[in-house]
Structures are given as structure tokens and as C-alpha cells.
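For the numbers below, each heavy atom of this structure counts, side chains included, while hydrogens, waters and symmetry mates do not. One-based numbering along the sequence shown.
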Amino acid sequence: MATADIILQTNAQSTIEPVRPLANFPPSIWGDRFLSFSLDNSQLEAYAKAMEEPKEQLRKSILNPNVDSNEKLSLIYSVYRLGLTYLFSKEINSQLDTLFNHLNLESYHDLDLYTTSIHFQVFRLFGYRFSCDVFNKFKDFRSGEFKEDITKNVRGMVSFYESAQLRIRGESILDEANVFTESKLKTIEKTLQGTLAQQVKHVLERPYNRGHPMVEARRFLLDFEEEISSHDSLVLLAKAHFNYLQLLQKEELQRVSKWWEDLKLQVKTSYARERVPECYMWMLALFFEPYYSLARIIATKVVLFTTILDDTYDAYATIEEIRLLTDAINRWDISATSQLPEYIRPFYEFILKEYAEFSKQVPQEGEGATNLIIEASKKAFQDLAKGYHQEAEWRHNGEVPSYDEYMKVGLFSSTHDLLSKSAFIGMGKIVTQEAVAWYGSNPQIKIALELIGRLTDDIVSVEFERERGLSVTSVDAYKKTYGVTDNVAVEALKNVVDNAWKDMNEGCLKPLKVHMDLLGPVVNLARMTDVAYRYNDGFTFTEKTFKEYITLLFCVSIPM
């Protein structure tokens, strides 16, 4: 008799409710708030119309040959920070190609810290290998320290700190700048007033390269509207654009919320976290452009399923039930439903059904990569279940694995392999067979993403895990393997994360193996991990960061 059949028979004979590792997660704070939204098409059209004229004016400004390079790069920087790049991608790329090809690093000798930092960020953000040597002049080479007089330029220090977040391995001057600027900004933060004080407070709390792109765009408008007000078209476009996207995205959130309510999975899996707005907001970070609507909806469905899977393995199922569920997911066949406990059968059936629906929902374009990426996502879902299962076995056996053993499993159980592949499903013809093959080859940027996902989560959640019993995290595995304390292990893992961010930045520099639009979701998934776990487990305990972000994005429009 097969192992699964033996377990099933044993469970059927037992009338005693098993002891379950319940986590008692906080309930959703939103109720049915987003279920009742109805899109007003006339309002949507009004915002679309309000975008037309400033968009054309801004396009002319970007292309204007009479605008000097400092002003043009500053304008492009603001366009990027406001989330408007996709509206002018062709124009911006042509301008940057020209500017970069005519660069003379000697011309930076007389530029101030703020302007130099803006140039550095723009070129790096768009994939150009702009040298960090431009910052050498801000150091006193007799002492080896940064010159004290640059600390008087607060705007420059903020921008220098943001530049340091884009560093790659080997850029020691930016490693030093990161420490120097953070320390100095913390020192002067309390002495500042007005918007400058707000800018410093925000950058210390979260540099934009570690934030949710839509939230950072909204905050940039709040914090820097006065500084960009000389470009009337930029401010008008940014406001209408945000309100336009807000309506579209609230309608998407309503559709996902209705779909989730109709599934009624929360009745059977009431032990799991109900986080529909949070999951949608997370996937919105990956791509906010209107034409990626289908990709957002599909990715949100997958992350909702992932949340239930995670909580089933970690906070409800017995080890026998876990083994049955893993076996069923590996089989990926409706006939496996009968071997599962009743409470998890609807969930299993919906996974199979939804993945079958993806093939029908997504147009079969170009080279037939759609089926390849759906299959890759399905396999990643199976690998995730195997990873969760192995971690459950370790907990069940009271075993803490070595660090290497844990990381082989932990990179899969971070969910980032699954989420990044699932994000590609609805992105259209840009996802070619070559792109799928490249991502499947485990490039450095993907490894960096998984390291950031796994370790950032573990570092903040280890104490919560320990409160519930044996903890099996990278922190515990590192402590065991190297015989160190919690603090030493955490600092060592933070260093791994820091290097992973450098690899992430490197992976976005030219020459690129795939289109930049396919790197965006990977980078943004890492950014959202930082949003969720920099200070605490913000996804589980949503009262602070996630509540603030969802309110800002879906509940507060911008006065025109």
C-alpha cells in the first residue's frame, strides 16, 4: 500500500482532532471595503483628457535640443520618480544615449554634489555604466574622508545617499558614502523644517530604490512638488496620471476581491491570513502600467494561493496532512483530491482549475512562450510545496539543518521563484522563449532576488517563529553551522543581503540579456520584500506600513 494511502486510512480511523500549530493571525482590517467599488468611466475619461496636453508639452521639453544637459537630466529624473517613464520611454532612451555617448567626466569637476548625484542616478537607473569616480572629488585624499563642507548641502546629501543605493560590488566609495550620508543625515534631521525635513525623514526611513514604485511616486509629488513646480506640465500630468491609475487599479482590486469572495476559500481555510488588498498592492509594485492589468490580476491570484499554502504548511496542517498535500501537488491531477483532508480539497481543486484558466486567458502570441512560462510557474509552485514540506519535516523532527542545507530549500520557499515567474504570465509577447530560457538558467539577478526574499524575511520573523515552537530559519541554521550568537548571525546575513542588492543593481546595467521591462518585476519584487520586512513582518501585521500604503494608493486621490 502507498504511503499516502496508509496515512489516509489512519486519519480516517482517528476521531481525535489533532493538535495544530495555529498562529492566530490578525484578521483582515478591510472587510468588504473594496468590493463595492464601481468604475465611473466618465471620470476616467476626464483624467485621460487632462493628461493629453501636459503630456505633449513634457514630450517637447524632453526632446528640446536647447535645454542644457543638467536641466534635461533633472527633468528625466523627476519623470522617473513620478512613475511617468513608460509614457516617454522612446524619447528618454534616445536622449540618454546621446548624452551618455558625449560624456566627458572632466566636466564634472565643477558640478556640485546634488547635480552630480542626479546625473549618476539617472544613468544608472536606465542601465548605463556611469562611473562612480565622479564622486572622488568630494573626498579629502589626505585624510581619506569625505569633505565636511558637503554636509552643508542637505539636498546634495539626500541625493548622494540615494546614489549609494545603486552601487555594485567593488564600488568602495559608494559603500563609504552610504555610511557617511546616513550618519550625517540622522544627525541633522531634527534641526530641519518644512519639506526638507520631510525629505530627509523619508529617505532615512526608505530610500526610493527600496520602495513601492507607486507609493514612492506619490510621496515624491508630496515632498518635491515645490521643487518641480517650474515644470507646470510635469505637475499637471503627474496628478492626472495618479488619479487615472487609481481608478483603474481600484477596479482591478474590486475584480480580484469579488473573485476571491466567490471562491469562499476563507470558510474552509479560516486559519490562513486574509490579505487580498495587501496581495494586490504587492503585485502592483511589480508593474503599475495600465497595459499589464492581466499580469497583475494573475500574479495576485497566485500570491493569494501562495499565502494559503504557506499558512497551511506552517500554521495548521499536521505532518501527515502535509505529506499528503505535497504528494497531491506533485501529481497535479484532480484524482489526487480524494487523498486530501476535506478542508484543503477546495483549495487544491481551485489551483488546478486556475492554472488551466491561465492558458485560456492569456493570448498565445509570438513564439509560444505563454505555455512555457505557465509550466514554469506550475513547477515553481510544486517546488515551493516541496520546500515548505522539507521545512515542516525539520520542525517535526526537532532538527535544525546546516546553513547550506537550509538555503537550498529556503531559496525556493522564499516564494520569489514562483512569484517572479507568475508575474511574466500575463505580460504578453515581450516574454519570449529566449527570455524564459534566460530566467530558467538562474541568472545572478534571480539568485539575488531569492536571497533578499529569504533572508530579509527570516531576519525579522525569527522571534515570532520561535514563540510558536522550534524555529527553522536561516538565522538558526547559520548559528548552528558557525557556532555564533543571534546578533552575529543576523549581521552576517544582513551583509549577504547587502551584496545581493549590489548584484541586483549590476543585473540592470547594460548590456542586458532581456528587455528591461522583464527585469522591472524582479527588482520591484525585491523592493517590496524590503517594504514588507525591513522593520517587522508588515504583511502579517498590516496595521502600519501596508495600511498606510493601501490608504494612500486606493483611498486618497490627488486634488487637481
K.L.:
Using 0.5 Å steps for rounding, measure from the CZ atom of Phe141 to the NZ atom of Lys147.
P.N.:
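One gets 8.5 Å once the value is rounded to the nearest 0.5 Å.
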K.L.:
Taking the six-membered ring for Trp and the full ring for Phe, Tyr or His, determine whether the centres of Phe539 and Tyr533 are under 6.0 Å apart.
P.N.:
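Here the rings of Tyr533 and Phe539 have centres that are no less than 6.0 Å from each other.
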K.L.:
Using the side-chain contact (heavy atoms from CB on, under 4.5 Å) criterion, which residues pair with Glu71? Sequence neighbours excluded.
P.N.:
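So Glu71 forms a side-chain contact (heavy atoms from CB on, under 4.5 Å) with Val67, Asp68, His231.
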K.L.:
With a sphere of 6.0 Å drawn around NZ of Lys547, does it hold more than 12 non-hydrogen atoms of other residues, nucleotides or ligands?
P.N.:
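Not more than 12 within 6.0 Å, no.
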K.L.:
Once you round to the nearest 0.5 Å, how far does CG of Asn178 lie from CD of Gln165?
P.N.:
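One finds 5.0 Å between CG of Asn178 and CD of Gln165.
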K.L.:
Name all pairs fulfilling the ring pair (Phe, Tyr, Trp, His ring centres under 6.0 Å) condition that reach into residues 162-212, sequence neighbours left out, sorted by first residue then second.
P.N.:
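Counting only pairs at least two positions apart or across chains, the ring pair (Phe, Tyr, Trp, His ring centres under 6.0 Å) contacts touching residues 162-212 are Phe146-Phe180.
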K.L.:
Roughly how far apart are Lys429 NZ and Thr370 OG1, rounded to 0.5 Å?
P.N.:
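Reported value, rounded in 0.5 Å steps: 12.5 Å.
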K.L.:
Is a side-chain donor or acceptor of Gln246 paired with a backbone partner of Leu553 at a separation under 3.5 angstrom?
P.N.:
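Present.
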K.L.:
Name each donor-acceptor pair under 3.5 Å that joins a side chain in residues 414-426 to protein atoms two or more places apart or in another chain, with its distance.
P.N.:
residue : atom : partner : partner atom : Å
Ser414  : OG   : Leu411  : O            : 2.9
Ser414  : OG   : His416  : N            : 3.3
His416  : ND1  : Ser414  : O            : 2.9
His416  : NE2  : Thr529  : OG1          : 2.7
Asp417  : OD1  : Lys421  : NZ           : 3.2
Asp417  : OD1  : Lys446  : NZ           : 3.2
Asp417  : OD2  : Lys421  : NZ           : 3.4
Ser420  : OG   : His416  : O            : 2.6
Ser420  : OG   : Asp417  : O            : 3.2
Ser420  : OG   : Tyr439  : OH           : 2.5
Ser422  : OG   : Ser377  : OG           : 2.8
Ser422  : OG   : Leu418  : O            : 2.7

K.L.:
When you measure from the side chain of Thr116 to the backbone N and O of Leu113, does any donor-acceptor pair fall under 3.5 Å?
P.N.:
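Not at all, since once roles are kept as given, no pair shorter than 3.5 Å links the two residues.
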K.L.:
With sequence neighbours excluded, what pairs up with Gln254 under the side-chain contact (heavy atoms from CB on, under 4.5 Å) test?
P.N.:
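Gln254 satisfies side-chain contact (heavy atoms from CB on, under 4.5 Å) with Phe37, Lys258 once adjacent residues are dropped.
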K.L.:
In chain order, what residues pass the side-chain contact (heavy atoms from CB on, under 4.5 Å) check against Val235, with sequence neighbours excluded?
P.N.:
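For Val235 the side-chain contact (heavy atoms from CB on, under 4.5 Å) partners, ignoring immediate neighbours, are Glu225, Ile228, Lys239.
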K.L.:
Of Tyr80, Phe100, Tyr77, which meets ring pair (Phe, Tyr, Trp, His ring centres under 6.0 Å) against Phe123?
P.N.:
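That would be Phe100.
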K.L.:
Ignoring hydrogens and angles, tell me if any N or O in the side chain of Thr306 forms a donor-acceptor pair with the backbone of Val302 under 3.5 Å.
P.N.:
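Yes; judged by distance alone, with no hydrogens or angles, the pair exists.
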K.L.:
Grab the two heavy atoms, one from Leu245 and one from Pro290, that are nearest each other, plus how far apart they are.
P.N.:
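Distance-wise, the nearest heavy atoms are CD2-CG, 3.6 Å.
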K.L.:
Can you check whether Ser413 reaches Arg454 side chain to side chain, under 4.5 Å on heavy atoms?
P.N.:
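Sidechains of Arg454 and Ser413: in contact.
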K.L.:
Ignoring hydrogens and angles, tell me if any N or O in the side chain of Thr98 forms a donor-acceptor pair with the backbone of Ser94 under 3.5 Å.
P.N.:
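Judged by distance alone, yes, a pair lies under 3.5 Å.
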K.L.:
Would you say the side chain of Asp503 lies within less than 4.5 Å of the side chain of Ile445, judging by non-hydrogen atoms?
P.N.:
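No; the side chains remain at least 4.5 Å from each other.
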K.L.:
Does Glu289 offer a backbone N or O that forms a donor-acceptor pair with the side chain of Arg296 under 3.5 Å?
P.N.:
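A pair under 3.5 Å: yes.
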K.L.:
For Trp282, does the six-membered ring have the charged nitrogen or CZ of Arg275 within the cation-pi criterion, i.e. under 6.0 angstrom from the centroid and within 45° of the normal?
P.N.:
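No; the conditions do not both hold, so Arg275 does not lie above the ring face of Trp282.
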K.L.:
Quick one: OG on Ser69 to CG on Leu111, what's the gap to the nearest 0.5 Å?
P.N.:
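If we round to the nearest 0.5 Å, Ser69:OG and Leu111:CG are 8.0 Å apart.
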K.L.:
Is it true that the NZ or CZ of Arg124 lies under 6.0 Å from the centre of Phe130's six-membered ring and within 45 degrees of the ring axis?
P.N.:
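Checked: cation-pi criterion not met.
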K.L.:
Which residues satisfy the side-chain hydrogen bond (donor to acceptor under 3.5 Å, both in side chains) test with Asn499, sequence neighbours excluded?
P.N.:
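Not a single residue meets the side-chain hydrogen bond (donor to acceptor under 3.5 Å, both in side chains) criterion with Asn499.
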K.L.:
Taking all non-hydrogen atoms of both residues, which atom of His109 and which atom of Lys137 are closest, and how far apart?
P.N.:
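Heavy atoms of His109 and Lys137 come nearest at O-NZ, 2.9 Å.
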K.L.:
So which atom in Arg167 and which in Asn505 form the shortest heavy-atom distance, rounded to 0.1 Å?
P.N.:
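Closest pair (atom of Arg167, atom of Asn505, distance): O-ND2, 2.9 Å.
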K.L.:
Does any part of the side chain of Glu145, heavy atoms only, come nearer than 4.5 Å to the side chain of Glu176, both counted from C-beta?
P.N.:
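Not in contact.
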K.L.:
Among Leu87, Ile92, Val122, find the one that has a side chain to side chain contact (heavy atoms under 4.5 Å, CB included) with Val79.
P.N.:
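Of the listed residues Leu87, Ile92, Val122, the side chain to side chain contact (heavy atoms under 4.5 Å, CB included) partner of Val79 is Ile92.
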K.L.:
Does the distance from a Lys or Arg side-chain N to an Asp or Glu carboxylate O, for Glu548 and Lys544, drop under 4.0 Å?
P.N.:
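The answer is no: the pair does not qualify as a salt bridge.
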K.L.:
Kindly compute the distance separating CD1 (Ile298) from CE (Met427), expressed to the nearest 0.5 Å.
P.N.:
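Output value for this atom pair is 11.5 Å.
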K.L.:
Regarding Lys494 and Asp498, does a basic nitrogen lie under 4.0 Å from an acidic carboxylate oxygen?
P.N.:
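Salt bridge absent between Lys494 and Asp498.
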K.L.:
Using the test ring pair (Phe, Tyr, Trp, His ring centres under 6.0 Å), find all partners of Phe554 that sit at least two apart in sequence or belong to another chain.
P.N.:
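Only Tyr280 meet the ring pair (Phe, Tyr, Trp, His ring centres under 6.0 Å) criterion with Phe554.
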K.L.:
How would you list all residue pairs meeting side chain to side chain donor-acceptor pair (under 3.5 Å) that involve residues 190-200, not counting sequence neighbours?
P.N.:
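Non-adjacent pairs meeting side chain to side chain donor-acceptor pair (under 3.5 Å): Gln199-Glu227.
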K.L.:
Identify the two heavy atoms, one from Pro213 and one from Asn524, that lie closest to each other, and give their separation to 0.1 Å.
P.N.:
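Residues Pro213 and Asn524, closest heavy atoms: CG-OD1, 3.5 Å.
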K.L.:
Please identify each residue that fulfils side-chain contact (heavy atoms from CB on, under 4.5 Å) with Ser107, with sequence neighbours left out.
P.N.:
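side-chain contact (heavy atoms from CB on, under 4.5 Å) list for Ser107, sorted by chain: Asn104.
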K.L.:
Checking the side chain of Arg527 only, and the main-chain atoms of Ala285 only, is there a donor and an acceptor separated by less than 3.5 Å?
P.N.:
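Side chain of Arg527 to backbone of Ala285, a donor-acceptor pair under 3.5 Å: no, none is there.
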K.L.:
Is it true that a side-chain atom of Lys72 and a backbone atom of Ile62 form a donor plus acceptor pair closer than 3.5 Å?
P.N.:
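Side chain of Lys72 to backbone of Ile62: a pair is present.
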K.L.:
Under the side-chain hydrogen bond (donor to acceptor under 3.5 Å, both in side chains) rule, collect the residues that match up with Asp40, sequence neighbours excluded.
P.N.:
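Asp40 satisfies side-chain hydrogen bond (donor to acceptor under 3.5 Å, both in side chains) with Ser42 once adjacent residues are dropped.
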K.L.:
What do the steps show when you test Tyr47 against Phe242 for ring-ring contact (aromatic ring centres under 6.0 Å, His included), and what is the final call?
P.N.:
CA-CA 9 Å; Tyr47 287 133; Phe242 184 88; 10.0 Å; no
K.L.:
Say whether, by atom type as modelled, one donor and one acceptor occur between the side chain of Ser159 and the main chain of Arg155 under 3.5 angstrom.
P.N.:
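Flag not set: sc Ser159 to bb Arg155 has no pair under 3.5 Å.
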K.L.:
Using every non-hydrogen atom in the two residues, find where Gln361 and Leu294 come nearest and quote the distance to one decimal.
P.N.:
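Nearest pair, atom of Gln361 first, then Leu294: O-CD2, 3.8 Å.
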K.L.:
Testing the basics here: between Val203 and Tyr161, what is the closest heavy-atom pair and its distance to 0.1 Å?
P.N.:
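Smallest heavy-atom distance, with atoms named: O-CE2, 3.4 Å.
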K.L.:
Show the atom names and distances, to 0.1 Å, of all donor-acceptor pairs under 3.5 Å that link a side chain in residues 510-523 to residues at least two apart or in another chain.
P.N.:
residue : atom : partner : partner atom : Å
Lys510  : NZ   : Tyr128  : OH           : 3.3
His515  : ND1  : Asp517  : N            : 2.9
Asp517  : OD2  : Tyr292  : OH           : 3.0

K.L.:
side-chain hydrogen bond (donor to acceptor under 3.5 Å, both in side chains), that's the test. Do Ser117 and Glu162 meet it? Break it down for me.
P.N.:
CA-CA 8 Å; Ser117 297; Glu162 296 280 25; over 6 Å; no
K.L.:
Closer than 4.0 angstrom, basic N to acidic O: yes or no for Arg59 and Glu56?
P.N.:
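So Arg59 pairs with Glu56 through a salt bridge.
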K.L.:
From Leu384 CG over to Phe381 CZ, what is the distance, rounded to the nearest 0.5 angstrom?
P.N.:
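Those atoms lie 6.5 Å apart.
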K.L.:
Should we count NZ of Lys379 as having more than 12 external heavy atoms under 6.0 Å?
P.N.:
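It does not: Lys379 NZ has 12 such atoms or fewer within range.
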K.L.:
Between Arg206 and Arg210, is there a donor-acceptor pair closer than 3.5 Å when you use the side chain of the first and the backbone of the second?
P.N.:
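Confirmed, Arg206 side chain pairs with Arg210 backbone.
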K.L.:
Which residues pass the ring pair (Phe, Tyr, Trp, His ring centres under 6.0 Å) test with His119, sequence neighbours left out?
P.N.:
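If we apply the ring pair (Phe, Tyr, Trp, His ring centres under 6.0 Å) test to His119, skipping adjacent residues, the hits are Tyr108.
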